[in-house]
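These notes are about the structure you will find just below.
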Amino acid sequence: MKKIIFFCALLSSPALASDIIPQTYRAADNHYHTVNITSNLDATGKPIVGAYRDLNGQWHATTVSVQACGLDADNHPVPCAPAVTNSTLENYLQKSAVNVANGVAALDALGDVTSPLTSGTDWLGSWQKNAQSVDAFAQGYESALFGGQVATGENNGTYMPRSLLVQTDPYGPYSTGCGMGVAMTGSVYNSQYPISEQDPRRGAGAVVGVGGYDTVANCILVSNMLARLVLTATGYTATSVQLATPLTAAQAAQIHPNMYITTNSPNPALTPTAVTGQLPLKNLFAGFVSAEPAAGATLISVYAWDVPGIGTGVGGQVPQTATLDTVWSARNTPTVFLGGGAAGSAFSENWFFNLDAGDLTPSTSNRSLIHQITPLEVDLNIVNGTAPANSIDWQGISMNAGNQPAALTTDSRQILLGGNINHHLQFDGGSGNWLIDGDNVSIPSTKNQSLSSTITAQIYQEWDQWVSSANKMRFVL
């Protein structure tokens, strides 16, 4: 039980005295009342202010007020510990400052912030604020913008560019071997990049099995990722899919406008001719989500339905449910796939060049002088001296068609050089180089070579092929 104990203490030392203080004050009732000066105790139990001086210069003892939470063995009062200290106040956060402007973000039960961390300067992760003015097809917290959005403040319509510079130091197997990694494997981070794939805890076996200690500046991992949602449908309209079960809040939060949505309902009027060894053209109805649904919704809105690539482009089509897909899936109920897994293909990289013809034509309004386009340049540059002969194993661009060649279609390829261009493939080798050195084709470079007293023979170019599994046809140039 707490007790309030008052006692007076007059200290002889004026060093603990306060400034001059009046003895009385006039209250709202127009009466004068005595001023009571109280003091807390310091860490040693002494009053902080032991005495004070009135307007007449007289000294008075300070009344010391302290909460007592009990008595000691000598029946002296034991002061209570202060409920709030200065240190507590310095670290105190008012509830009114949570989730408000100039405040702080709250944490959920997992310790994650409940408000997005965004910056008004860099607009990192803030497309949800200005999606329509930046990119109408990338909305919500799933897209982040670096640069090009914040005005320079010079009132001239210019905006701040941004450069992303990443300094890395990969050091081990799997993901630790990557300087930067992009995994297109779904919405959950659960991927290990396949760099020097051995578990070091296996000991010597891992050292041998790893083959080589690899480090990669830019790792890309792609999979036939799962659809974000696979939902059972009961039917379709020209602009929606009707769901068998209402969407949960977690499901609704994953669906965004313009998201891929593919059905398992074929268009029976579009049945492409099958070619042995090749994939058939997909004739499934698909569309794009037109609005973000709410939790509990029993339909998802789409702009329209048609078949990608080979459809008619006519509006008002409604997917049928009498015949369901058995080529790409084999579900026995109408079903929709949403997100990346509803797509038809996956690219690790897709380089695309948009060139403005107006700036390629000389005029008084040209604003770009770029005319040469190089999609990829790979250079080797040895610095700080001359490297010893045969000290670098330069592998160039290496491609492998995988460990199950029987799984590949008959029209699969490693490299395709298409388009109408004068030179599809150009070699610029040196004397004695092999331009092509393959299983059945060997083409050497004869650059700057001619028969002479020092070069008495010239390397030939040869092409061999077996005929009828019994004879060999050879062309020699």
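- For the pair Gln320/Pro268, a side-chain contact is recorded, criterion being any heavy-atom separation below 4.5 Å from C-beta on.
- Every residue two or more places apart in sequence or in another chain that forms a side chain to side chain contact (heavy atoms under 4.5 Å, CB included) with Ser398 is listed here: Gln395.
- Within the 4.5 Å cutoff, side-chain heavy atoms of Arg228 are placed close to those of His256.
- Contact annotation: the side chain of Trp305 approaches that of Phe285 to within less than 4.5 Å [non-hydrogen atoms, C-beta and beyond].
- Checking side-chain atoms of Glu377 against main-chain N and O of Thr374 turns up no donor-acceptor pair under 3.5 Å.
- Taking His371 as the reference, Leu360 meet the side chain to side chain contact (heavy atoms under 4.5 Å, CB included) condition, with sequence neighbours excluded.
- Two residues are said to be in side-chain contact when any heavy atoms from C-beta on lie closer than 4.5 Å; Tyr174 and Pro194 fail this criterion.
- Between Leu247 and Ile255 there is a side-chain heavy-atom pair separated by less than 4.5 Å.
- Side chains of Tyr260 and Pro308 form no contact here, defined as non-hydrogen atoms less than 4.5 Å apart.
- Applying the side chain to side chain contact (heavy atoms under 4.5 Å, CB included) rule to Ala244 yields the partners Thr232, Thr234; only residues at least two apart in sequence or on another chain are considered.
- Minimum heavy-atom separation, Ala295 to Ala249: CB-CA, 3.6 Å.
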In a table with atom names and distances, give each donor-acceptor pair under 3.5 Å that connects a side chain of residues 336-350 to protein atoms at least two apart or in another chain.
{"from": "Glu349", "atom 1": "OE1", "to": "Trp351", "atom 2": "NE1", "distance (Å)": "2.8"}

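- Side-chain N/O atoms of Ser175 and Gln192 include a donor and acceptor closer than 3.5 Å.
- Every side chain to side chain contact (heavy atoms under 4.5 Å, CB included) that Ser391 has, sequence neighbours left out, goes to Ala387, Pro388.
- Checked by atom type, the side-chain pair Thr185/Ser223 shows no donor-acceptor distance below 3.5 Å.
- Of all non-hydrogen atoms in Tyr193 and Val182, the two that sit nearest each other are OH-N, 3.1 Å.
- Counting heavy-atom neighbours within 6.0 Å of Ile370 CD1, excluding the residue itself, gives a total of 12 or less.
- Looking only at side-chain heavy atoms (C-beta outward), Ser240 and Ile300 stay at 4.5 Å or farther from each other.
- Partners of Gln242 according to the side-chain hydrogen bond (donor to acceptor under 3.5 Å, both in side chains) rule, which considers only residues two or more places apart in sequence or in another chain, do not exist here.
- Between Leu229 and Gln254 the shortest side-chain heavy-atom distance falls below 4.5 Å.
- For Ile373, the CD1 atom is densely surrounded, since the number of other residues' heavy atoms within 6.0 Å is greater than 12.
- The number of heavy-atom neighbours closer than 6.0 Å to CG of Leu376, taken from other residues, nucleotides and ligands shown, is above 12.
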